[in-house]
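See structure below.
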2 protein chains.
Amino acid sequence: MAAKGGKSGDLREACVKQALAIIAKDGIDALSLRDVARRLGVSHQAPYKHFPSRDHILAEVVGRAYAGFAAYLEKRSRSDDPYEDLGLLGRCYLDYAQKHPLHYQLMFGTPLPDPAEHPEMMDKAEHAFATLRETIAKLPGRAPAASVDLDALYAWSVVHGLASILQTRATQQLGIRKATIAEATAHTLSRIGAALGRPRN
Amino acid sequence: MAAKGGKSGDLREACVKQALAIIAKDGIDALSLRDVARRLGVSHQAPYKHFPSRDHILAEVVGRAYAGFAAYLEKRSRSDDPYEDLGLLGRCYLDYAQKHPLHYQLMFGTPLPDPAEHPEMMDKAEHAFATLRETIAKLPGRAPAASVDLDALYAWSVVHGLASILQTRATQQLGIRKATIAEATAHTLSRIGAALGRPRN
DNA sequence: TCCCTAGGTTGACACTGTCTACCTGAGCCG
DNA sequence: CGGCTCAGGTAGACAGTGTCAACCTAGGGA
């Protein structure tokens with residue numbers, strides 16, 4: 001008995017969607033394949049026909065988050081000015097994290113399924129860093145590759161750090177005003193530019 | 001029957017230590033109070049005499065990580081020069097994350113026990129940010145408090161982002177050389193200084 | 001038409017967190 | 001001194017989970 005209204009591919013897809021819904025509502029810890037099955041009206045073992053283990057379905061969910069993130073970054077605005085281009089990338093990165101907190105958290109949260117056992121999960125995982133690298137390589141004075149890597153690491157640290165921090169309750173608990181939070185993205189991106197030698201107007 | 005060789009406080013302490021050992025070895029997901037009890041040679045219910053739930057023992061472990069982190073930062077070297085002072089703080093922060101990856105991950109990993117239900121877990125959670133704030137407030141030209149908060153958020157984003165990234169396998173997968181990683185801390189701290197207007201020698 | 005396989009169902013098992021009842025020893029009070 | 005209370009344990013039960021194993025059915029291909 002296939003899931004309501006379709007072929008087996010539909011059950012697989014329905015499992016992924018349901019897993020995401022459960023995680024969205026109650027967190028990764030609450031993900032239970034039996035719950036998934038129950039919600040889809042199939043036997044508790046049916047999801048295992050498509051995913052050998054709980055980790056596999058989680059890896060699928062995470063892998064899709066990476067892919068969605070990569071696609072989002074690809075669609076960003078661009079500029080011929082390298083500093084502005086970098087700013088637009090940073091902006092896009094943080095926008096994604098803000099608009100899709102769950103997906104962002106899925107990508108960088110712990111514990112994830114072991115990448116060695118789920119290589120396809122990582123297909124698009126490197127995209128953000130690679131994009132940062134390329135964008136930074138275009139900045140003036142970036143000759144050695146190691147220097148590009150160092151600044152790409154720096155930039156990634158900043159945006160990843162801010163994205164992560166903004167997703168926690170920490171900012172509320174630290175007594176940081178909402179107006180300050182609202183300015184944080186622009187301010188932080190400005191600081192990246194300053195750090196990387198953007199000319200002052 | 002108290003745990004091997006002592007009063008009940010000893011079982012409580014032993015539970016915390018064992019929980020940390022289990023987490024260190026197999027990750028937070030592997031933490032099981034029955035496993036803790038088994039390893040300590042007590043009945044499976046005994047840990048519940050000291051911790052009402054699994055979340056409570058986890059909150060204790062995390063709270064101790066925060067306290068240890070705060071103590072570590074308090075012991076850092078300091079300087080009269082505000083930029084150098086900031087650099088020393090950043091250095092200390094990243095050193096801690098490097099020397100105590102498990103503890104760092106415990107503090108910032110998801111999902112944590114609900115802070116609202118475990119307020120004592122957060123006793124020292126704000127320390128790092130508060131310290132960053134104070135240190136940045138000493139930099140020249142930091143009059144408005146909101147400006148201090150913005151730059152403290154920026155600096156925190158950088159160090160937290162880098163600490164997090166360096167703890168994942170991501171850097172290996174991204175083809176970043178070890179030599180580059182080794183330089184990342186110094187380079188990133190230098191970039192923070194540049195971003196925050198450190199005079200050039 | 002027959003066989004194989006994909007994709008389901010069902011039941012079992014071991015493990016977990018938590019609830020409940022019970023026990024013992026120590027300390028305190030009358 | 002004896003009785004009571006409580007802290008801190010033991011043991012058993014229950015519900016839920018992930019996973020293993022056996023079985024079934026329908027569709028497709030030879």
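FYI, side chains are in, hydrogens and waters are out, and symmetry mates aren't considered; it's all heavy atoms of this structure. Just so we're clear, the structure is a prediction, and the values are computed from it rather than from any experiment.
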For the residue pair A:Tyr93 and A:Phe69, is the inter-centroid distance of their aromatic rings smaller than 6.0 Å?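 Between A:Tyr93 and A:Phe69, the centre distance is under 6.0 Å.
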
Please report the distance, rounded to the nearest Å, between [atom1] in [X] and [atom2] in [N].
| X | N | atom1 | atom2 | answer |
| --- | --- | --- | --- | --- |
| B:Asp10 | D:dA7 | CG | P | 18 Å |
| A:Tyr48 | D:dC20 | OH | P | 9 Å |
| B:Arg38 | D:dT10 | CZ | C1' | 16 Å |
| B:Phe51 | D:dG9 | CZ | C1' | 15 Å |
| B:Leu58 | C:dG17 | CG | P | 12 Å |
| A:Leu33 | D:dT17 | CG | P | 11 Å |
| A:Glu13 | C:dG7 | CD | P | 14 Å |
| A:Asp29 | C:dT16 | CG | P | 16 Å |

Classify the nucleic acid contact of B:Leu31 as base, sugar-phosphate or nothing, counting any heavy atom under 4.0 Å across all strands shown. sugar-phosphate

Output a table of nitrogen or oxygen pairs between the protein and nucleotides 19-21 of chain C separated by less than 3.5 Å.
{"residue": "C:dC19", "atom": "N4", "partner": "B:Gln45", "partner atom": "OE1", "Å": "2.7"}

Closest-nucleotide ordering on DNA chain C, the 5'-leading residue of B:Ser32 and A:Ser43: A:Ser43

Ignoring hydrogens and angles, state whether a donor on the side chain of B:His127 or B:Glu74 is under 3.5 Å from an acceptor on the partner side chain. yes

Using a distance-only criterion (donor-acceptor N/O pair, under 3.5 Å, no hydrogens), is the base of D:dG16 paired with the side chain of A:Arg34? no

Pair [X] + [Y]: basic N to acidic O under 4.0 Å:
| X | Y | answer |
| --- | --- | --- |
| A:Lys124 | A:Glu120 | no |
| B:Glu13 | B:Lys17 | yes |
| B:Asp151 | B:Arg133 | no |

Phosphate-side-chain proximity, A:Arg12 and C:dG8, N/O vs OP1/OP2 below 4.0 Å: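 It does not, given that no N or O in the side chain of A:Arg12 lies less than 4.0 Å from OP1 or OP2 of C:dG8.
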
On the nucleotide D:dG9, are OP1 or OP2 found under 4.0 Å from the side-chain N or O atoms that B:His50 carries? yes

Could you go through A:His160 and A:Tyr104, starting from their C-alpha distance and side-chain angles, then the distance that decides it, and tell me whether this counts as side chain to side chain donor-acceptor pair (under 3.5 Å)? CA-CA 10 Å; A:His160 173 55; A:Tyr104 195 78; 2.6 Å; yes

Set of residues satisfying side-chain contact (heavy atoms from CB on, under 4.5 Å) with respect to A:Ser190, sequence neighbours excluded: A:Arg198

Which of these nucleotides, C:dT18, D:dG18, D:dT10, is closest to any side-chain atom of B:Ser53?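 Closest of the options to the side chain of B:Ser53: C:dT18.
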
